[in-house]
Each structure stands twice: as structure tokens, then as C-alpha cells.
Amino acid sequence: MRKVAAHYVYCGDGQPVKFGIVSLDDNTVVSVSPSAENLVEAAQTEFYPGVLIPAIVNAAAATGSGVWFPKDDHEVGSVLTIEKEQPLLAVITPEALAHLSAEALASIYENMIALAIGHASSNHPTLLLRMMVQLAEKLPDVPFHEIVKMATTNGAAALQQKQRGTIAAGYQPGIYHISGFCFARKTIDQHSTIEVIAS
């Protein structure tokens, strides 16, 4: 049994667990629990300063009638004003992040369309983290646990990866450690870095 802990564990499906401890058995999550004390540097517990999140799920390969890859503000305006069934999921690519304004991204989010991130040419955690940073910068009023959901749970749902995207008992999400987390604002920025601690 392996135990990993951090200042916060963002499970991908809601508010973080402060001083959370994730118990793993062969990379399968057994449990997630808060620490009994503020310092979790207990015997046989690996403590990672910063936050833990599920492995980022690259949704670039998502398909289906409810999946939308928005390209620019004009397209967002058109899709959101057409009186027909709205997409269920918007996959944001690096190109879209470069061309979409903060207002367009906020409009997608406010219309209850789930966002996920997709990078067609790379699954590298650092590149995917940079996309999370850009989303956090463009959506400063969106809580960080929602940014985590966009990068993990939503992508897993889009790809129908039932064991990924969420740190919960029975799942095999992979776990990433983000250091350089801004605790005052509870978010990430350009100084944040990422490492894989369970795959």
C-alpha cells in the first residue's frame, strides 16, 4: 500500500481535500481521506508540497455529436445564439486558447457547456499544465477545482475512460503533483510545475 499526500488533493469532482491522503494499491485508489493532523509527514506517507490532481486527460480525440471544438469568438457567438440543442462538451485546443477571448470562454462556461482540454500533438504533462494555466488566467473568477475538472473529469467523460479523471476509490486516474501553487489565490500560474507521481 502506498500513501501520497499534499496540502490539497483536488479529486476532479469538487472541492479539494485539505491535507488529503490518497491510499493506492498498484495505482488503484483505495481511499482519499483528510489527515488527522495538519502535518502529514507521517511514517510511510509521501508528502508533496503543493497540490495533487488526477492525471490530465487529453480530450483531443473526443468525437460525437455533442462534442464541439470552438475556434474563435465569432463561432462561439454563432453557436450560442442558434436556437437548437447546445453542445454538451467544448474541447479547447492550444489554438483555441490563443484565439478565444476571456469573454468567449466565460460564455461557453456560463451556458453550462462542459469544457475540456485537447492537444492534438502531445500528451506531455507540462504542455497540458500550460493549457490549464491559460484557462485559469482567462477565467480568473472560476474556482480552481473547476479548472481541474476541465482538465481531468470532463476529458475522461468525453473519451468514456471510466477509470480516469477522478481520484476516488476504485479508479486508476494517475496522479500528478503541481508545485508552485499560489495558496493565497488558490490557483496556478506561470511559475507552477508538474510531475507524475502515479501513472
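Here, residue 1 is the first one in the sequence, and each next residue gets the next number.
Looking at residues two or more places apart in sequence or on another chain, you find no side-chain hydrogen bond (donor to acceptor under 3.5 Å, both in side chains) involving Ser192. Under the rule for a side-chain hydrogen bond (donor to acceptor under 3.5 Å, both in side chains), the partners of Gln172 that lie at least two apart in sequence or sit in another chain are Thr28. Remark: Ser179 engages Thr193 in a side-chain hydrogen bond (donor to acceptor under 3.5 Å, both in side chains) (not counting sequence neighbours). Take Asp189 and apply the salt bridge (Lys or Arg N to Asp or Glu O under 4.0 Å) test, not counting sequence neighbours, and it matches Arg185. With sequence neighbours excluded, the residues satisfying side-chain hydrogen bond (donor to acceptor under 3.5 Å, both in side chains) with Asp73 are Ser101. In terms of the ring-ring contact (aromatic ring centres under 6.0 Å, His included) criterion, residue partners of Tyr48 (sequence neighbours excluded) are, by chain and number, His177.
In terms of heavy-atom proximity, Val148 sits nearest to Ile53 at CG2-CG2, 4.0 Å. Of all heavy-atom pairs between Ile147 and Met132, the closest is CG2-O, 3.9 Å. When all heavy atoms are compared, the tightest approach of Ala198 to Leu24 is CB-CD1, 4.2 Å. Across all non-hydrogen atoms, the minimal contact from Ile108 to Leu80 is N-CD1, 4.1 Å. Taking every heavy atom of both residues into account, Val17 and Cys11 meet most closely at CG2-SG, 4.3 Å. Smallest separation of non-hydrogen atoms from Val67 and Thr63: CG2-O, 3.3 Å.
Listed for the Thr153 side chain is no donor-acceptor partner under 3.5 Å among the backbone atoms of Lys149.
Residues Ile113 and Leu115 share a hydrophobic cluster, clusters being chains of Ile/Leu/Val/Met/Phe/Trp/Tyr side chains in contact below 4.5 Å. Tracing side-chain contacts under 4.5 Å through hydrophobic residues (I, L, V, M, F, W, Y), one reaches Val51 starting from Val133; they form part of the same cluster. Note on Met150: it clusters hydrophobically with Ile194, by side-chain heavy-atom contacts below 4.5 Å among ILVMFWY residues. Note on Val91: it does not cluster hydrophobically with Val79, by side-chain heavy-atom contacts below 4.5 Å among ILVMFWY residues. In terms of hydrophobic clustering, with Ile, Leu, Val, Met, Phe, Trp and Tyr side chains grouped at heavy-atom distances under 4.5 Å, Val76 and Met131 are assigned to a common cluster.
To the nearest 0.5 Å, atom OH of residue Tyr176 and atom OG of residue Ser199 are 8.5 Å apart. Distance check: Tyr171 OH to Asp13 CG gives 8.0 Å after rounding to the nearest 0.5 Å. The distance from atom CG of Leu88 to atom CG of Asn154, rounded to the nearest 0.5 Å, is 11.0 Å. Once rounded to the nearest 0.5 Å, the distance linking CD of Glu75 with CZ of Phe69 reads 11.5 Å. Rounded to the nearest 0.5 Å, atoms CD (Glu195) and CD1 (Ile175) are 12.0 Å apart. Note that CG of Leu52 and CD1 of Ile21 are 11.0 Å apart. Values are rounded to the nearest 0.5 Å.
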| said: Could you walk me through whether Ile167 and Thr152 satisfy the side chain to side chain contact (heavy atoms under 4.5 Å, CB included) test, starting with their C-alpha distance in whole Å, then the side-chain angles of each, then the deciding distance to 0.1 Å, before giving a yes or no? | reply: CA-CA 10 Å; Ile167 300 175; Thr152 60; over 6 Å; no
| request: Report the C-alpha separation of Phe181 and His7 in whole Å, then their side-chain angles, then the decisive distance to 0.1 Å, and conclude whether the ring-ring contact (aromatic ring centres under 6.0 Å, His included) test is met. | output: CA-CA 10 Å; Phe181 185 76; His7 288 97; 9.3 Å; no
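With contacts defined as side-chain heavy-atom distances shorter than 4.5 Å, the pair Pro34/Phe19 does not qualify.
Identified under the salt bridge (Lys or Arg N to Asp or Glu O under 4.0 Å) test for residues 150-168, with sequence neighbours left out: none. Screening residues 96-118 for ring-ring contact (aromatic ring centres under 6.0 Å, His included), with sequence neighbours left out, gives no hits.
Leu159 forms part of a hydrophobic cluster together with Val57, judged by ILVMFWY side-chain heavy-atom separations under 4.5 Å. Connectivity analysis of hydrophobic side chains (ILVMFWY, heavy atoms under 4.5 Å, direct or indirect) links Met1 to Val30.
Trp68 and Gln86 are not linked by any side-chain donor-acceptor pair at a separation below 3.5 angstrom, with hydrogens and angles left out of the test.
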Without placing hydrogens or testing angles, list every side-chain donor-acceptor pair under 3.5 Å for residues 137-146, not counting sequence neighbours.
{"from": "Glu137", "atom 1": "OE2", "to": "Gln190", "atom 2": "NE2", "distance (Å)": "3.1"}
{"from": "Lys138", "atom 1": "NZ", "to": "Leu97", "atom 2": "O", "distance (Å)": "2.4"}
{"from": "Lys138", "atom 1": "NZ", "to": "Leu100", "atom 2": "O", "distance (Å)": "2.4"}

Could you give the side-chain donor-acceptor pairs of residues 120-129 under 3.5 Å, partners two or more places apart or in another chain?
{"from": "Ser121", "atom 1": "OG", "to": "His119", "atom 2": "ND1", "distance (Å)": "3.3"}
{"from": "Ser122", "atom 1": "OG", "to": "His124", "atom 2": "N", "distance (Å)": "3.0"}
{"from": "Asn123", "atom 1": "OD1", "to": "Asn58", "atom 2": "ND2", "distance (Å)": "3.0"}
{"from": "His124", "atom 1": "ND1", "to": "Thr126", "atom 2": "N", "distance (Å)": "3.1"}

